[in-house]
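This report refers to the structure that appears directly beneath it.
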Amino acid sequence: MGLAMASNLQNYLVSISGLPLAYNNRTMSRGEPLAQLGAKPYSSVTDLVANCDLIFISLSDDAAVTQTITSLLTQRPNLSDKTIIDTSTVHPNTTAQLTTALTAAHAHFIAAPVFGATPVAEAGQLLFALAGPTEGITLAKPYIEACLARAVINVSATPRDATLLKTTGNFITAALAETVAEAHVFAEKAGLNAQVLEQLIVRNYGAYAGSISEKLTQGVYAPPKGERARSDIGLAVKDVGHGVESAREVGCRLEVAEVTLRRLEKAREWGAREGRALDSSAVYGVLRQEVGLGFEREDVLQRRTDA
């Protein structure tokens with residue numbers, strides 16, 4: 001996701017004859033595609049920040065974001081005139097803590113979580129949720145709209161609200177995946193053709209629900225051994241867990257999310273045993289097992305054997 005956004009930013013900067021994108025990655029070799037596009041590598045986050053006014057962050061989880069910012073502030077406690085935009089998906093409480101720390105360092109901090117998988121990021125069609133001080137958003141938004149986003153939701157002046165919106169959205173996504181998976185397992189056990197059900201899902205419930213259905217019927221939920229998942233199940237466990245915890249903190253329950261989280265965790269365990277990377281839609285495999293079917297669809301296994 002981060003590489004896709006950074007690549008689009010670099011290509012945009014080239015198109016407007018701007019300065020090259022500066023980048024850093026915890027594994028620098030993974031940034032080589034950016035260097036090939038003309039971006040400039042920096043061996044440390046501190047050096048990068050010293051030479052940039054607008055800094056985008058895209059990291060996998062709360063620990064990585066917190067560690068990066070804490071390390072930066074230890075070495076550079078004054079971040080005046082710096083705007084930091086965090087596109088990572090983290091717990092709203094993590095965003096609140098980062099806001100306190102970065103504001104104390106005189107930085108403009110923008111929470112900018114995104115909606116969309118890697119292919120959507122590659123196409124520059126992500127949906128951004130922005131929250132933070134107006135000055136920082138005014139500086140960052142033109143770049144976001146130019147090459148990263150299909151649309152922007154202006155949330156509020158409080159960064160935490162953007163990650164709260166993202167957490168809520170993740171709940172809706174997980175609940176939809178759970179529902180589509182349950183429908184397919186029910187249909188298979190009852191003898192209803194999966195492709196007929198998929199037509200209903202696409203035509204009556206929209207393209208996004210249809211894309212989830214296709215992950216199931218095409219076997220994307222459980223890629224062959226050695227292949228990467230389209231949307232990593234470990235991140236799904238993290239994201240749905242954030243929603244469950246956030247709801248409990250305000251006296252609510254997301255019961256569908258709780259059910260989904262248990263199945264996501266079981267699917268992750270299955271993937272670990274099999275040495276397989278699973279997609280976030282792999283709750284489907286667990287649901288299949290619960291009714292006496294195999295984790296993987298037989299027709300998909302047959303197609304892979306024939307290929």
Side-chain angles (χ1 to χ4, degrees), residues 1-5 57-68 85-98 111-121 126-131 149 153 155 159-182 208-209 211-212 215-216 220-223 228-250 252-272 277-287:
M1 183 74 77
L3 178 61
M5 289 190 284
I57 298 174
S58 179
L59 293 167
S60 59
D61 56 30
D62 301 56
V65 176
T66 300
Q67 181 183 21
T68 298
I85 306 100
D86 184 17
T87 67
S88 312
T89 298
V90 297
H91 195 291
N93 292 346
T94 299
T95 299
Q97 293 163 4
L98 294 173
V114 299
F115 296 84
T118 300
V120 180
L126 294 165
L127 174 62
F128 271 70
L130 298 182
I153 298 175
V155 183
R160 179 182 181 274
D161 289 346
T163 43
L164 182 59
L165 180 66
K166 171 64 172 173
T167 298
T168 306
N170 285 342
F171 160 64
I172 296 171
T173 299
L176 183 58
E178 172 74 19
T179 300
V180 171
E182 288 189 24
Y208 191 78
S211 71
I212 295 172
K215 282 186 173 185
L216 312 186
V220 174
Y221 72 96
R228 296 185 66 180
R230 187 178 298 177
S231 178
D232 182 73
I233 195 167
L235 297 180
V237 170
K238 171 195 63 124
D239 294 345
V240 177
H242 284 345
V244 170
E245 183 179 338
S246 295
R248 287 175 179 166
E249 287 176 353
V250 295
C252 295
R253 283 189 66 186
L254 300 179
E255 295 188 56
V256 174
E258 292 172 10
V259 170
T260 304
L261 182 58
R262 288 196 295 272
R263 290 191 173 122
L264 283 168
E265 289 170 339
K266 287 182 180 179
R268 183 173 60 176
E269 290 169 3
W270 185 92
L278 297 183
D279 186 80
S280 57
S281 57
V283 292
Y284 175 56
V286 174
L287 282 159

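Values below: every heavy atom of this structure, side chains too, minus hydrogens, waters and symmetry copies. Positions are given from 1, in the same order as the sequence printed here.
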Distance-only, no hydrogens or angles: does the Ser58 side chain make a donor-acceptor pair with backbone N or O of Ser88 under 3.5 Å?
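Flag not set: sc Ser58 to bb Ser88 has no pair under 3.5 Å.
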Has the side chain of Asp279 got a donor or acceptor atom that lies under 3.5 Å from a matching backbone atom of Ser231?
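Present.
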For the [atom1] atom of [X] and the [atom2] atom of [Y], what is their distance to the nearest 0.5 Å?
X: Ile153; Y: Asp161; atom1: CD1; atom2: CG; result: 12.5 Å
X: Asp239; Y: Thr167; atom1: CG; atom2: OG1; result: 7.5 Å
X: Thr118; Y: Leu126; atom1: OG1; atom2: CG; result: 9.0 Å
X: Thr168; Y: Leu164; atom1: OG1; atom2: CG; result: 4.5 Å

Please give me the minimum heavy-atom distance between [X] and [Y], naming the atom from each residue.
X: Ala129; Y: Phe115; result: CB-CE1, 4.2 Å
X: Met1; Y: Ala121; result: SD-CB, 3.3 Å
X: Ala111; Y: Thr95; result: CB-CG2, 4.0 Å
X: Leu278; Y: Ala267; result: CD1-O, 3.0 Å
X: Val240; Y: Ala174; result: CG2-CB, 3.6 Å
X: Leu264; Y: Ser280; result: CD2-O, 3.4 Å

Counterpart residues, side chain to side chain contact (heavy atoms under 4.5 Å, CB included), relative to Ala64 (two or more places apart):
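Partners of Ala64 by the side chain to side chain contact (heavy atoms under 4.5 Å, CB included) criterion, ordered by chain and then number, come out as Arg26, Leu59, Ser60, Asp61.
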Quick one: side chain to side chain contact (heavy atoms under 4.5 Å, CB included) partners of Glu182, sequence neighbours excluded?
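Result, side chain to side chain contact (heavy atoms under 4.5 Å, CB included) vs Glu182: Glu178, Arg263, Leu287.
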Check whether any side-chain heavy atom of [X] lies under 4.5 Å from a side-chain heavy atom of [Y], and answer yes or no.
X: His91; Y: Gln97; value: no
X: Lys166; Y: Asn170; value: yes
X: Phe171; Y: Thr260; value: no
X: Val237; Y: Glu265; value: yes

Evaluate Tyr284 against Val180 for side chain to side chain contact (heavy atoms under 4.5 Å, CB included), listing each step before the verdict.
CA-CA 9 Å; Tyr284 175 56; Val180 171; over 6 Å; no
Sort out for me which residue in Asp62, Thr89, Thr163 forms a side chain to side chain donor-acceptor pair (under 3.5 Å) with His242.
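In the set Asp62, Thr89, Thr163, the residue that makes a side chain to side chain donor-acceptor pair (under 3.5 Å) with His242 is Asp62.
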Could you tell me whether Lys266 atom NZ has more than 12 heavy atoms of other residues or ligands within 6.0 Å of it?
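Open: at most 12 neighbouring heavy atoms sit under 6.0 Å from NZ of Lys266.
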Go through the side-chain N and O atoms of Asn93 and Glu249 and say whether any donor and acceptor fall under 3.5 Å apart.
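Per modelled atom types, Asn93 and Glu249 side chains form a pair under 3.5 Å.
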Could you go through Val220 and Ser281, starting from their C-alpha distance and side-chain angles, then the distance that decides it, and tell me whether this counts as side chain to side chain contact (heavy atoms under 4.5 Å, CB included)?
CA-CA 8 Å; Val220 174; Ser281 57; 5.7 Å; no
